[in-house]
Amino acid sequence: MIKIKTGSGIFRLALFFGSFGCSLITSAADDWAQFSRYQQDNVKVNQDTSKTCPKAVFIGNSITEGWVNEDPDFFTDQNFLGRGISGQTTYQMLVRFRDDVINLHPEIVVINGGTNDVAENNHIFNPQRTLGNIKSMAEIAEANGIKVILSSILPSKGFPWKDTVQNVAQKIILLNEITKEYADSVGYDFINYYPALVGDNGSLSSEFTSDGVHPNLKGYKVMESIALPVIEKNMTKEEVNKPVVIKLWKDDQPRFRNNLPQGAEKEENPDWITQVTDPELIVYPAEHPNGRVLVMCPGGGYYGLAIEHEGKALAPVLNENGITLAVLKYRMPNGNHEVPLEDVERSIDILKLHASEWGIDTKRIGIGGASAGGHLASTAAIKLSGKDNSPAFQMLLYPVITMQQSYTHPGSRELLLGPNPDDILVNKYSGELNVSTQTPPAFIAVSADDELVPVENSLLYVDSLRKKGIPVSLHLYPTGGHGWGFDPTFPYNQTWVNEMITWINKQ
C-alpha cells in the first residue's frame with residue numbers, strides 16, 4: 001500500500017497486482033507439486049453455482065488427506081475442503097497454494113505442514129526455511145482476503161519410511177514452537193493439536209494411531225474438537241440482529257415527488273427492486289455498538305436497487321465490529337433530482353431520533369453507496385456538509401461521481417437529471433466540481449477494469465478531495481469489473497471489507 005500525506009490527512013492507495021499463473025502440467029512425471037491431484041475437483045468446486053464458497057480449506061499432507069478419508073462428514077457438514085497430499089513438504093504446498101487454496105475463494109485457510117520436512121522427504125530439514133514457506137502461504141492468503149489459521153504438526157518419534165532421521169520428536173517440538181511464535185507475532189490463531197495427542201517420549205499416543213504418524217478416527221475426532229472452535233471464531237457471523245424496518249414518510253409527506261404511479265415498485269428478486277416509490281430505512285443495530293453507523297445506498301442506475309449484495313449482506317460483518325448498518329431503500333428520481341437526496345436527509349434524521357435506543361453517536365453517522373448509490377452518497381456528503389444532518393464520513397464502492405458526458409454513466413444521468421439537462425444542473429450534480437473544505441473524509445474502493453462506470457469517476461473525486469485537504473483512502477484493484485459489492489467470489493472481497501471496517505472505526 002502506498003501512503004501519501006496530504007495537508008490534513010493521508011491519501012492511501014492500495015494497489016494489488018496480478019501474479020503469473022502456472023502453466024498446465026500435462027506430464028505426471030513433471031508434476032512435482034502434484035497440481036493434478038485436485039485439478040478436476042477444483043474445477044467442479046468453482047463451477048457449482050448452487051453452493052457458496054468453502055468456509056475453510058485445509059491444506060497439508062497425508063494427515064490432512066487421511067482426515068478427509070476417515071471422517072468426510074466433518075468436511076461436508078461444515079462446508080470445508082481438504083487439500084492434503086501424501087508425502088508433501090511445505091515447499092510443494094507453497095507451489096500449489098494458488099491452485100488448491102486461493103482460486104477456491106475460501107473464507108479461511110488452515111495450514112498444516114512440516115511433518116515431511118522433518119522427515120527430509122525432499123531435502124535436509126531446515127526449520128527456518130520450513131517456517132518461511134508457511135509464512136509465504138499465510139501472506140499470499142492474507143493478500144487475497146483469506147483469513148489464516150496455523151496449526152501444530154502432530155507428535156511422532158520417527159517415520160517408518162525414513163528411519164534414518166534422528167531426533168524427530170525434538171525437531172517437531174522446535175517447529176511447533178517457532179510456528180506458534182510467528183502466529184502470535186502477526187495475530188493469527190494457532191490450533192495446537194500436540195498436547196492432546198502426545199504419548200510417551202514425544203510419540204503420537206497409541207490410542208490415536210496405528211502407525212505412529214497418522215491419526216485413526218478417534219485421533220481425528222480429538223483434532224476436530226480442538227480445531228472447530230478456532231475456525232468458528234474466525235468465521236464471519238451469519239447471524240445478525242433482526243432488522244428494524246421504518247417507513248420513511250409514514251407520518252409526513254415528502255416535499256418532492258417522483259411521479260411514479262402507485263404499484264410501480266417491483267421486487268423482481270431478493271436482490272433487485274425497481275421503480276421504488278415506498279422508501280424504507282432497514283436498520284441492523286449492532287449488538288455491541290461502538291456508536292458508528294453506515295447508511296448504505298445500494299446501486300442500480302437510479303432505476304432499481306441491488307439491495308442485498310450492495311446493502312443487507314454487509315450487516316453481519318459490520319455488526320460484529322460494532323457498526324450499525326442502515327440500508328436505505330430510496331425512491332427512484334424518475335427525472336426529479338431532488339427525490340433521492342430528500343430520502344437520505346430523512347434517514348439521518350430518523351437515526352438521530354433513535355440514537356439512545358441503538359447506541360448511536362450522532363456525530364458518527366456516515367453515508368455509503370455503490371455505483372449510482374455512490375453518486376447519491378457523495379452528493380449527500382457534499383450538499384449536506386455543514387448542516388445538522390451532515391454525514392461524518394463517506395464510503396463509496398465503484399461510484400458514479402460525474403454527470404459530465406465524458407465519464408458519467410449515461411443511464412444514471414438521464415434518470416436523475418432528465419434527457420437534456422442544462423450545464424448548470426449537470427455541474428451541480430458532478431461531485432468533483434463541488435467538493436469543499438467541509439466535505440467529510442472518504443473511503444473509495446474500485447476496480448481498474450470497470451467498464452460500466454469508468455474508474456476516472458473515482459480518480460477525479462480523489463483529486464478534488466485532495467486539493468481541498470480532505471482525507472481520502474483509495475483502494476484500486478486490478479480486476480473485478482463493476483458491481484461486486486459484498487461478494488465472496490470477488491478476489492479482493494475480504495481485503496476491501498477489512499480495510500473498510502478499519503477505516504470506519506477510525507472516523
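Count residues from 1 along the sequence. Everything numeric here is computed off the predicted structure, so don't read it as measured data.
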- Mutual orientation of the aromatic rings belonging to His354 and Trp358 [parallel < 30°, tilted 30-60°, perpendicular > 60°]: parallel

| Got Ile59 and Thr64 here, is their nearest side-chain heavy-atom distance under 4.5 Å? | no

CG (Asn144) and CD1 (Ile102) are apart, to the nearest 0.5 Å, by 4.5 Å

Determine yes or no for a side-chain-to-main-chain donor-acceptor pair under 3.5 angstrom, with Thr408 supplying the side chain and Thr402 the backbone.
yes

Discussion item. Between Arg292 (side chain only) and Ile504 (backbone N and O only), is there a donor and an acceptor less than 3.5 Å apart?
Written reply: yes

Inset, instruction - State, yes or no, whether a side-chain contact exists between Tyr284 and Pro316 at a heavy-atom distance under 4.5 Å. - result: no

Sequence neighbours excluded, the answer for salt bridge (Lys or Arg N to Asp or Glu O under 4.0 Å) partners of Asp361 is Arg364

In terms of heavy-atom contacts, His105 and Pro488 come closest through CB-O, 3.9 Å

Check: Is atom NZ of Lys467 surrounded by more than 12 heavy atoms (other residues, nucleotides or ligands) closer than 6.0 Å?
Finding: no

Quiz item: For Arg346 and Asn389, does a side-chain donor sit closer than 3.5 Å to a side-chain acceptor?
Solution: no

Next on the checklist: For a 4.5 angstrom cut-off between non-hydrogen side-chain atoms, does Val101 reach Ile111?
Outcome noted: no

### Side-chain (Asn79) to main-chain (Cys53) donor-acceptor, under 3.5 angstrom
yes

Quiz item: Can you tell if the side chain of Val453 reaches within under 4.5 Å of the side chain of Ser371, non-hydrogen atoms only?
Solution: yes

Inset, instruction - Check the side chains of Thr479 and Asp449 for a donor-acceptor pair under 3.5 angstrom, ignoring hydrogens and angles. - result: no

ask   = Are Met332 and Val339 close enough, and set up right, to give a side chain to side chain contact (heavy atoms under 4.5 Å, CB included), and what steps lead you there?
value = CA-CA 7 Å; Met332 298 297 97; Val339 168; over 6 Å; no

Q: Examine the side chains of His375 and Tyr302 and answer whether a donor and an acceptor come within less than 3.5 Å of each other.
A: yes

Are the side chain of Asp99 and the backbone N or O of Asn103 linked by a donor-acceptor pair below 3.5 Å?
no

With ring centroids as reference points, do Phe75 and Phe58 lie under 6.0 angstrom apart?
-> yes

- Query: If only atom types and distance count, is the side chain of Asp450 paired as donor or acceptor with the main-chain N or O of Val446 below 3.5 Å?
  - Reply: no

With sequence neighbours left out, the residues meeting side chain to side chain donor-acceptor pair (under 3.5 Å) with Gln40 are none

Handout entry: Test side chain to side chain contact (heavy atoms under 4.5 Å, CB included) applied to Met500 and Met395, step by step
Key = CA-CA 8 Å; Met500 172 193 64; Met395 193 287 293; 3.7 Å; yes

Is it true that Gln404 and Asn427 share a donor-acceptor pair across their side chains at a distance under 3.5 Å? yes

>> Looking at Asp388, I want to see if its CG is surrounded by more than 12 non-hydrogen atoms of other residues, nucleotides or ligands under 6.0 Å.
In response: no

Distance under 6.0 Å and angle within 45° of the ring axis: does Lys506 meet both against Phe393? no

- side chain to side chain contact (heavy atoms under 4.5 Å, CB included) between Leu459 and Leu474, intermediate numbers included: CA-CA 9 Å; Leu459 300 180; Leu474 173 66; 3.9 Å; yes

Q. CD of Gln405: more than 12 outside heavy atoms within 6.0 angstrom?
A. no

Is any side-chain heavy atom of Leu416 less than 4.5 Å from a side-chain heavy atom of Tyr429? yes

Is a side-chain donor-acceptor pair under 3.5 Å present for Ser464 with Glu432? no

Please check this pair: side chain of Asn336 against backbone of Glu338, looking for a donor-acceptor N/O pair closer than 3.5 Å. yes

On a heavy-atom basis, the closest approach of Ile444 and Pro399 is CG2-CD, 4.1 Å

message = I'd like to know if Glu342 and Arg257 make a salt bridge, using a cut-off of under 4.0 Å between side-chain N and carboxylate O.
response = no

(request) Dump the intermediate steps for ring pair (Phe, Tyr, Trp, His ring centres under 6.0 Å) on Tyr398 and His482, then the final yes or no. (result) CA-CA 7 Å; Tyr398 39 86; His482 187 81; 4.7 Å; yes

Contacts of Arg413 meeting salt bridge (Lys or Arg N to Asp or Glu O under 4.0 Å) (sequence neighbours excluded), chain-then-number -> none

Heavy atoms, side chains only, cut-off 4.5 Å: are Ile108 and Met235 in contact?
-> yes

Worksheet item: When you check the side-chain N and O atoms of Glu142 and Tyr188, is any donor under 3.5 Å from an acceptor?
Response: yes

Note to self: If you take the centroid of each ring, where Trp contributes its six-membered ring, are His475 and Phe443 closer together than 6.0 Å?
What the structure shows: yes

Closest non-hydrogen atoms of Ile367 and Ala381, given as atom of the first, atom of the second and distance, are CG2-CB, 4.2 Å

| query | Just by modelled atom types, is the His309 backbone N or O under 3.5 Å from a matching donor or acceptor in the Asp271 side chain? | reply | yes

Note to self: More than 12 heavy atoms of other residues, nucleotides or ligands under 6.0 Å from CD of Glu451: yes or no?
What the structure shows: no

Separation between CZ (Arg96) and CG (Asn42), nearest 0.5 Å, reads 9.5 Å

Across all chains, not counting sequence neighbours, the salt bridge (Lys or Arg N to Asp or Glu O under 4.0 Å) partners of Glu267 are none

One should read off an interatomic distance between Arg98 CZ and Met137 CE, to the nearest 0.5 angstrom, of 13.5 Å

Minimal heavy-atom distance between Pro440 and Ser385, with the atoms involved, is CD-CB, 4.5 Å

Any Ser447 side-chain heavy atom under 4.5 Å of Phe490 side chain
yes

Heavy-atom donor-acceptor pair, Lys147 side chain to Asn234 backbone, under 3.5 Å: yes

Smallest heavy-atom separation, Ala141 atom then Val148 atom, equals CB-CG2, 3.7 Å

query = Does the pair Asn505 and Asn290 meet the rule for a side chain to side chain donor-acceptor pair (under 3.5 Å), with working shown?
reply = CA-CA 8 Å; Asn505 279 332; Asn290 62 21; 2.8 Å; yes

**Asked** Hey, does the side chain of Gln253 reach the backbone of Trp249 with a donor-acceptor pair shorter than 3.5 angstrom?
**Response** no

Has the side chain of Asn493 got a donor or acceptor atom that lies under 3.5 Å from a matching backbone atom of Thr489?
no

Between Ile323 and Leu294 the two heavy atoms that sit nearest each other are CG2-N, 4.2 Å

Hits for salt bridge (Lys or Arg N to Asp or Glu O under 4.0 Å) against Asp77, two or more places apart or cross-chain, chain-then-number order -> none

Donor-acceptor pairs are to be reported for all side-chain atoms of residues 274-283 against protein atoms at under 3.5 Å, with residues two or more places apart or in another chain.
residue	atom	partner	partner atom	Å
Thr274	OG1	Lys266	O	3.4
Asp278	OD2	Lys247	NZ	2.7
Glu280	OE2	Lys247	NZ	2.7

Inset, instruction - Give a yes-or-no answer on whether the side chains of Tyr461 and Gln394 include a donor-acceptor pair shorter than 3.5 Å. - result: yes

>> Determine whether Ile146 and Gln494 satisfy the following criterion, side chain to side chain contact (heavy atoms under 4.5 Å, CB included), listing intermediate values before the conclusion.
In response: CA-CA 7 Å; Ile146 299 170; Gln494 198 63 50; over 6 Å; no

- State, yes or no, whether a side-chain contact exists between Met93 and Asn133 at a heavy-atom distance under 4.5 Å. no

